[in-house]
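Have a look at the structure below, then the notes.
Labels below follow one simple rule: chain letters A, B, ... track the order of the sequence lines, proteins then strands, and each chain is numbered from 1. Remember, it's a predicted structure, so these values are computed and weren't measured experimentally.
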Amino acid sequence: MNDFSEDDAFEAAVPLSQRARAGGVAARFGGNAAYLDGLNPAQRAAVEALDGPVLMLAGAGTGKTRALTARIAHLLHTGTARPNEILAVTFTNKAAREMKNRVGRLMGETVEGMPWLGTFHAICVKQLRRHAELVGLKSNFTILDTDDQLRLLKQLIVAGGIDEKRWPPRMLAGIIDGWKNKAYGPDKVPLAEAAAFDHKGVELYAAYQARLKDLNACDFGDLLLHMVTIFQTHEDILRQYQRWFRYILVDEYQDTNVAQYLWLRLLASAHKNICCVGDDDQSIYGWRGAEVGNILRFETDFPGATVVKLEQNYRSTPHILAAASGVIASNKGRLGKTLFTDAEDGEKVRLIGHWDGEEEARWIGEEIEALQRGTRGQDPVGLDNQAILVRASHQMRAFEDRFLTIGLPYRVIGGPRFYERLEIRDAMAYFRLAVSQEDDLAFERIVNTPKRGLGDKAVQTIQRAARTNGVSLVEGARIVVQGKLLGGKGLRELGVLVDGLDRWHAQVRQESDTHQELAEMILDESGYTGMWQNDKTPEAPGRLENLKELVKALDNFENLQGFLEHVALIMDNETEQDGEKVSIMTLHAAKGLEFPAVFLPGWEDGLFPSQRSMDESGLKGLEEERRLAYVGITRAEEICTISFAANRRVYGQWQSALPSRFIDELPEDHVEVLTPPGLYGGGYGAAGMSTNASPKLREESMSDLHQKAHDANVYNSPGWRRLQARGQTRGVSQPAEARNMTIDMTAVSAFTTGDRVFHTKFGYGEIKGIEGDKLSITFDKAGDKHVVAKFVVAADAASDVPF
DNA sequence: CGTACGCCGGTTTTT
DNA sequence: CCGGCGTACG
């Protein structure tokens with residue numbers, strides 16, 4: 001199918017008569033190009049160099065998105081390109097949305113939507129739907145999520161009689177993804193790599209691809225891989241796209257993998273009007289296939305490229321920039337940028353060591369409250385403007401525990417994504433089946449959810465019936481029901497399920513109800529809602545809440561099909577904005593964000609830089625970790641606080657660690673060393689203690705803690721001694737009691753000892769005591785906790801979640 | 001077929 | 001220390 005004339009994406013958004021270079025356009029958009037106002041010379045150069053290859057090296061906070069959107073505006077404004085002739089690619093939906101909004105704003109709504117502004121995946125889906133048959137798919141192919149993918153791989157492993165221990169589905173998925181990222185089809189995997197996995201991996205890869213074809217499905221990696229394959233084997237199609245996409249823009253180029261790189265290079269090879277924006281210093285996704293090499297090699301790939309460096313930073317203070325630059329300077333083979341700023345000096349980066357992880361969390365909690373109140377003698381910093389950035393998500397727990405206890409509102413960014421949650425996937429599987437009864441994976445998922453007495457044996461019977469008749473599982477189930485191939489209860493239940501599926505399917509086609517009503521009906525009639533209503537685990541109310549949320553989300557779509565189509569690609573986590581909260585997230589999740597105050601805890605060797613990263617990838621791994629440090633520091637606008645703990649409980653065992661080597665790389669002149677609480681006057685290196693000393697004496701006095709800290713080997717480490725040698729110490733942390741704490745007694749007065757209560761994180765429990773505004777609660781699952789009263793509700797109120 | 005217990009393993013994450 | 005998963009029973 002090479003004829004695109006019907007695709008609205010290629011329809012001229014602007015009548016041809018109005019299309020003109022430079023001249024006639026002014027009439028359309030007004031004479032002046034307001035989008036150029038306020039750009040610095042480098043940005044302006046990047047915006048105005050429209051033709052030929054351009055590499056925009058944009059350091060952190062240098063107005064990259066601004067330049068990129070201005071460039072699009074410029075292409076449109078000068079009439080160089082129409083909106084549908086511009087291909088603009090991002091990695092995330094969020095970035096795509098942002099760019100769309102900003103272009104719209106710059107152009108004053110005059111421009112119709114840009115059809116080819118989107119993520120790599122969204123754009124590839126659009127293309128692949130048109131050419132699916134060239135890779136053996138139908139244009140209505142489904143896109144599998146990770147969960148489907150894993151279940152499929154597991155089936156293949158089991159079917160192949162392969163030991164699941166030696167070939168865990170997760171590992172196989174990782175290997176296959178890796179190959180797809182490099183644009184290797186099953187037949188293109190280099191012999192050496194194939195041999196590295198006993199050739200079994202390739203065998204399974206081929207089987208997996210064959211199975212996907214059978215299911216008329218593909219996974220995320222396929223979207224790119226298939227398009228690259230099509231472009232490489234069908235020159236006419238490639239030519240067409242090359243003509244259509246007259247200008248190409250790529251965001252976060254340092255994160256592209258080989259498949260994405262090939263796709264871009266193929267599309268750009270004719271006219272070479274490609275503008276890539278990126279920062280080699282912020283390449284932090286090497287472990288999932290990103291190739292920094294792509295950006296380092298740009299000038300070789302596109303000889304004569306215009307290279308523009310954006311080095312003026314509009315985000316951070318000079319001290320923060322200097323600290324970040326100091327750390328990243330240790331990396332080799334950088335393209336090299338020197339960030340500068342006009343901003344006032346501000347505060348130095350603050351560095352503090354703690355006895356253990358809990359102490360660190362406590363200190364940061366108090367510090368956040370102090371900043372919020374402006375107690376430190378400066379403008380108050382709202383909670384929305386503060387963030388804690390950690391290396392690994394398990395570090396979040398210490399903060400969550402602490403913040404729950406003191407009642408500090410927080411939000412975890414990038415947790416389990418909405419559409420990845422169990423209940424959402426189950427519900428979606430029902431919707432998928434209502435739309436198409438061919439969806440075998442969806443059927444397998446829900447056939448026994450809720451429990452219908454249809455276990456492995458029953459499923460096997462259904463599968464056999466389906467296979468021998470060459471039909472879908474739903475049809476197979478119908479055959480089983482009609483032929484009474486199962487026993488009493490299971491048979492009856494299966495009959496009910498099949499009837500339900502038929503009914504829902506019919507209703508989808510008739511469109512007799514609104515799709516929201518239909519969705520709600522499906523979830524009710526299938527017994528899925530009831531399943532969670534009867535569930536007494538602490539998660540159940542939340543899951544029901546999520547289901548309600550899901551039905552609400554349907555509002556934005558025409559019908560169920562439309563919804564399913566979009567959800568496959570939009571795994572976004574729309575974070576609800578309810579009140580001021582501190583953000584807690586990983587360093588990876590923080591890329592692209594900025595906060596006035598940033599806390600960077602856990603700077604200990606082994607944790608950050610991560611031991612595993614260094615073990616697996618050696619110097620390359622260490623350098624990526626260092627870039628992560630760079631990304632972390634450069635998120636801060638005003639106040640950046642780095643901390644580490646001498647001891648940490650990891651897998652239930654106490655372990656001590658040395659301060660991160662990155663701390664040694666911080667330039668002294670831009671760092672202020674704070675004194676940990678209990679160490680007024682500073683600690684002095686004493687003889688090291690045994691490394692497994694238990695610091696589990698939490699409620700000890702400060703002087704006791706001091707004594708302990710005194711002896712800890714961390715204070716005798718090279719990193720720590722360096723801090724001492726700098727001799728800059730200043731007490732910061734005030735005891736919490738010294739600050740005027742407002743205690744909300746209204747919440748606490750609602751409870752008495754013995755009440756059953758519900759807490760969103762800890763679940764159900766019973767109040768054992770009341771101390772000030774805190775409740776001491778024994779939770780059914782989570783054990784004894786002290787929690788601020790406003791974070792719990794009476795247990796009977798919690799079960800009252802209507803659906 | 002569903003539940004209870006014991007064992008293993010345990011970064012980073014988007015689409 | 002915690003959760004997911006697989007095996008062993010009811």
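- In this structure, the CG atom of A/Asp177 is 15 Å from the C1' atom of B/dT12, given to the nearest Å.
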Full working for side-chain hydrogen bond (donor to acceptor under 3.5 Å, both in side chains) between A/Gln209 and A/Asp222 = CA-CA 9 Å; A/Gln209 291 306 99; A/Asp222 281 336; 3.1 Å; yes
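- Residue A/Asn93 places at least one side-chain N or O closer than 4.0 Å to OP1 or OP2 of B/dT15.
- One finds a salt bridge joining A/Arg648 and A/Glu604 here, because a Lys/Arg side-chain nitrogen approaches an Asp/Glu carboxylate oxygen to under 4.0 Å.
- Looking at which nucleotide of DNA chain B each of A/Leu628 and A/Ala122 is closest to, the 5′-most match is held by A/Leu628.
- Annotation: ring-ring contact (aromatic ring centres under 6.0 Å, His included) contacts of A/Trp167 (sequence neighbours excluded): none.
- One atom, CG of A/Leu150, and another, P of C/dG4, lie 14 Å apart when rounded to the nearest Å.
- When the P atom of B/dG10 is taken as reference, atom CZ of A/Arg170 falls 10 Å away, rounded to whole Å.
- Aromatic ring pairs are classed by plane angle as parallel below 30°, tilted from 30° to 60° and perpendicular above 60°; the pair A/Tyr285 and A/His588 is tilted.
- With sequence neighbours excluded, the residues that form a side chain to side chain donor-acceptor pair (under 3.5 Å) with A/Lys182 are A/Glu193.
- When each of B/dT15, B/dT13, B/dT12 is scored by its nearest atom to the side-chain atoms of A/Tyr285, the top-ranked nucleotide is B/dT13.
- In the interface, the side chain of A/Arg391 is not paired with the base of B/dT11 through any donor and acceptor atom under 3.5 Å apart.
- With sequence neighbours excluded, the residues that form a side-chain contact (heavy atoms from CB on, under 4.5 Å) with A/Glu616 are A/Arg612.
- A/Glu252 comes within 4.0 angstrom of no nucleic acid atom, judged by non-hydrogen atoms across all strands.
- Between A/Met614 atom CE and B/dT12 atom P there is a gap of 16 Å when expressed in whole angstrom units.
- Note: NE2 (A/His394) to P (C/dC2) measures 14 Å, nearest angstrom.
- The pair A/Lys64-A/Glu252 meets the salt-bridge criterion, since a charged nitrogen lies less than 4.0 angstrom from a carboxylate oxygen.
- Residue A/Tyr651 has a polar side-chain atom (N or O) positioned under 4.0 Å from OP1 or OP2 of B/dT11.
- Note: A/Phe608 and A/Phe662 meet the aromatic proximity criterion, with ring centroids under 6.0 Å apart.
- Distance CE (A/Met396) to C1' (B/dT11): 12 Å, rounded to an integer number of Å.
- Listed by chain and residue number, A/Arg452, A/Lys489 satisfy the side-chain contact (heavy atoms from CB on, under 4.5 Å) test with A/Glu493 (two or more places apart in sequence, or in another chain).
- Taking a 4.0 Å limit (strictly below) on heavy-atom distances, residues 586-595 of chain A reaches DNA chain B at A/Thr586, A/His588.
- A/Thr119 comes within 4.0 angstrom of sugar-phosphate atoms only, judged by non-hydrogen atoms across all strands, and of no base.
- Atom CZ of A/Arg648 is separated from atom P of C/dC1 by 18 Å (rounded to the nearest Å).
- Put simply, A/Trp287 rests on the base of B/dT12: the two rings are less than 5.5 Å apart at their centres and nearly parallel, under 30°.
- Side-chain atoms of A/Glu291 never come within 3.5 Å of backbone atoms of A/Val258 as a donor-acceptor pair (strictly under, hydrogens ignored).
- For A/Arg288, counting side-chain heavy atoms from C-beta on, the closest listed nucleotide (B/dT15, B/dT13, B/dT12) is B/dT13.
- Set against B/dT12, B/dT11, B/dT14, the side chain of A/Ser393 has B/dT12 as its closest nucleotide.
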Reading nucleotides 1-6 of chain B from 5' to 3' and marking B where a protein heavy atom lies under 4.0 Å of the base, S where only the sugar-phosphate is that close, and - otherwise, the string is SSS---
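- With rounding to whole Å, A/Gln260 atom CD is found 14 Å from B/dT14 atom P.
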